[in-house]
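So the structure is just underneath, and the comments pick up after that.
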2 protein chains.
Amino acid sequence: MPQTSIREVARRAGVSVGTVSNVLNRPNIVAEATRDRVLAAIEELGFVRNESARRLRQGPDDRPSGRARAFGVVVEDLTNPYASDVARGAELAFEEAGFETLWLSTDHSADRERRALELLAEQRAAGVLVSSVETGPDRIARWRESGMCVVLLDRAGPDFCSAQVDHVAGGDIAAAHLLALGRDRMAFVTGVPEPQPVVERCEGAARTLAKAGAGELAVLTQDALSPTAGQRAARALVSMSPVPTGVFCANDLLAIGVVNELVRLGARVPEDVAVIGYDDIELARSSAVPLTTIRQPRRELGWEAAELALAETAEGSAHEHRQIVLRPELMVRESA
Amino acid sequence: MPQTSIREVARRAGVSVGTVSNVLNRPNIVAEATRDRVLAAIEELGFVRNESARRLRQGPDDRPSGRARAFGVVVEDLTNPYASDVARGAELAFEEAGFETLWLSTDHSADRERRALELLAEQRAAGVLVSSVETGPDRIARWRESGMCVVLLDRAGPDFCSAQVDHVAGGDIAAAHLLALGRDRMAFVTGVPEPQPVVERCEGAARTLAKAGAGELAVLTQDALSPTAGQRAARALVSMSPVPTGVFCANDLLAIGVVNELVRLGARVPEDVAVIGYDDIELARSSAVPLTTIRQPRRELGWEAAELALAETAEGSAHEHRQIVLRPELMVRESA
DNA sequence: CGAAGATCGTGAATCGTTTCAAGCTACGCT
DNA sequence: AGCGTAGCTTGAAACGATTCACGATCTTCG
């Protein structure tokens with residue numbers, strides 16, 4: 001395990017360590033012959049830069065030392081395609097700006113969230129996009145003080161940059177569409193743990209119903225936001241009296257489960273029950289009854305959040321926090 | 001940005017830097033009063049350990065210095081639920097052993113793959129699980145020389161530990177099941193870019209067909225492994241003559257698209273065409289026609305790979321490479 | 001021919017943390 | 001009192017890469 005260091009490369013090439021470093025960082029100021037000799041030595045020894053050492057001693061002597069060229073993206077569950085698409089969008093923006101992206105998921109544990117942010121702080125990441133925020137504001141303030149910029153994903157906060165989708169508007173759009181189809185006995189299907197955005201979708205829908213003078217929005221809460229939970233919800237729906245004529249689901253996975261089980265139980269979609277989902281995952285387009293749904297600009301969300309983080313990093317203390325709100329979009333297919 | 005360092009904490013608490021370090025790493029050898037004073041100072045100054053410096057100076061003076069307590073998981077596409085489940089399984093094992101996990105995806109780019117592995121090498125990660133391997137063996141050998149252990153995911157290699165699912169057996173199981181149902185006009189639906197495992201599933205199925213003396217396996221290659229690609233495949237299937245009676249799909253997403261479109265086009269599943277998928281994603285269970293599919297032990301795969309990596313790291317040079325092969329399992333539902 | 005640039009290389013200082021040998025106290029024992 | 005010991009603390013030496021003020025050559029031109 002002889003950690004090949006820059007020093008051994010220098011010895012092998014018959015130059016000083018400073019020159020090796022120059023070959024690595026400003027190849028153009030080194031004479032070609034020397035450069036080739038150094039590169040050859042690097043190749044022969046299989047030298048790989050030690051990023052820790054590099055970060056430790058960094059920046060011209062006045063600048064604060066040692067920020068990594070990396071951002072973290074902390075979300076609740078990376079196995080959820082919504083989250084991984086947002087992360088991917090962010091990664092694209094960061095990559096373009098020459099930054100690495102660290103994907104971290106908290107799996108709904110406050111402990112893991114704290115751990116993830118602590119990790120990023122210890123790594124001296126340039127900043128972080130967080131969607132899951134269980135941590136108290138004091139602790140966040142502290143990380144920020146230590147120089148890491150924090151952008152909220154899908155949440156808002158007075159002292160933060162944030163990028164979010166207008167979920168209230170999404171709920172409104174969905175409910176208005178169902179009302180326009182004459183479906184005024186409406187149910188909202190959701191599952192726990194219920195993320196804030198889902199709560200807002202429900203509010204938006206409820207408000208629109210109230211404004212239109214239609215009946216109450218019946219809320220069915222399942223134990224997850226998954227297709228199988230949707231199937232259970234469908235069974236509950238058909239046993240209600242009267243059976244709702246419009247169903248708005250907290251996400252597409254639920255909606256797909258609801259539609260499949262409704263069809264299975266003999267209800268026609270959308271004739272008997274109109275169903276509308278949320279997210280526009282790829283499957284929505286190609287399920288048995290193509291799903292009408294609310295499309296969220298997912299990659300764009302991640303991309304915009306990343307741009308905010310990059311701006312905040314670049315602008316330094318002159319920075320003013322900005323809140324970006326993206327509007328979701330109704331995709332009309334066949335289920336409603 | 002005054003990077004609060006251990007030195008300032010020491011000054012504030014009126015102790016030496018060595019003592020602060022001891023509070024951080026071996027709290028029990030420090031007198032309680034001192035420890036409290038140091039902890040208070042840390043709290044007041046908002047001190048966060050600099051992980052780069054820590055890693056740089058590490059290990060008792062003989063051991064090779066500076067391996068991070070982190071492993072990388074490099075897969076092709078983290079937005080694919082299969083990959084993220086494998087990664088999650090690995091993360092669980094690593095977490096239990098006190099290691100961090102870095103998720104990296106290559107998005108089918110050899111460049112990004114090289115970048116990802118280079119990144120891990122530069123970070124001095126303890127090791128890496130890779131499923132995407134476009135990189136030549138010489139370069140891998142080099143990383144390994146530099147002390148990083150490499151475990152192959154879903155691939156095998158003579159000089160590596162590896163964990164994989166027996167895809168040939170998976171193809172065999174699927175084809176045998178369809179044969180047992182009397183479906184001997186069989187098609188295989190796949191998409192490009194076609195991962196090695198998919199190629200093996202196809203081989204397994206073809207071999208089983210040949211052994212049974214049934215007809216050729218017709219192969220339909222689409223431009224992706226997605227539901228919409230599946231829909232296109234379905235349209236191609238019904239225009240074949242004779243129309244195949246059994247369809248084996250490279251993954252469940254394709255299969256769901258195939259089933260939905262077949263139903264839409266008026267074919268009955270499984271009466272007219274039996275369809276079998278691969279992966280057993282959650283949706284397979286709850287699609288319009290619950291999907292018969294081959295279940296892969298995904299988290300377990302990640303977990304086992306992680307255990308191999310941990311073992312290799314622990315055993316050092318005494319280590320002997322092991323190949324783990326997990327067997328997939330037939331899940332009979334309604335589509336076949 | 002000699003001074004002024006231009007072009008390259010050098011090597012010591014530095015980043016923040018951990019480790020370890022050595023030092024310091026307070027205490028118990030003879 | 002003298003000595004040993006246990007319990008804490010100290011301070012300096014690493015770790016590996018980067019930077020920067022200086023040298024050392026080599027060109028160019030009055």
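So you know, we letter chains A, B, ... as the sequences are listed, proteins then strands, and number each from 1.
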Practice problem: State whether a side-chain donor-acceptor pair under 3.5 Å links B:D107 with B:S109. | Solution: no
Self-check item: Distance-only donor-acceptor check, side chains A:N50 and A:R55, under 3.5 Å
Solution: no
Quiz item: Can you tell which of B:D85, B:L326, B:L301, B:V165 makes a side-chain contact (heavy atoms from CB on, under 4.5 Å) with B:Q296?
Solution: B:V165
Atom [atom1] of [X] to atom [atom2] of [N]: distance rounded to whole Å?
{"X": "A:R26", "N": "C:dC8", "atom1": "CZ", "atom2": "P", "answer": "14 Å"}
{"X": "A:I6", "N": "C:dG11", "atom1": "CD1", "atom2": "P", "answer": "14 Å"}
{"X": "B:R67", "N": "D:dC15", "atom1": "CZ", "atom2": "C1'", "answer": "14 Å"}
{"X": "B:R57", "N": "D:dA13", "atom1": "CZ", "atom2": "P", "answer": "12 Å"}
{"X": "B:R11", "N": "D:dG11", "atom1": "CZ", "atom2": "P", "answer": "14 Å"}
{"X": "B:R54", "N": "D:dA14", "atom1": "CZ", "atom2": "P", "answer": "21 Å"}
{"X": "B:L56", "N": "D:dT18", "atom1": "CG", "atom2": "P", "answer": "12 Å"}

Give a yes/no answer on whether the side chain of [X] brings an N or O atom under 4.0 Å of OP1 or OP2 in [N].
{"X": "B:N25", "N": "C:dT18", "value": "yes"}
{"X": "B:R55", "N": "D:dG16", "value": "no"}
{"X": "A:S5", "N": "D:dG16", "value": "no"}

Kindly give the atom pairs (protein nitrogen or oxygen, nucleotide nitrogen or oxygen) under 3.5 Å for nucleotides 6-9 of chain D.
unit_1, atom_1, unit_2, atom_2, d
D:dT9, OP1, B:T34, OG1, 2.2
D:dT9, OP2, B:A31, N, 3.1

Practice problem: Under the salt bridge (Lys or Arg N to Asp or Glu O under 4.0 Å) rule, what do A:R115 and A:E118 come out as? Steps first, then yes or no, please. | Solution: CA-CA 5 Å; A:R115 200 47 220 112; A:E118 193 99 9; 5.7 Å; no
Self-check item: Touch class at under 4.0 angstrom, heavy-atom based, for B:R7 against every strand present
Solution: base
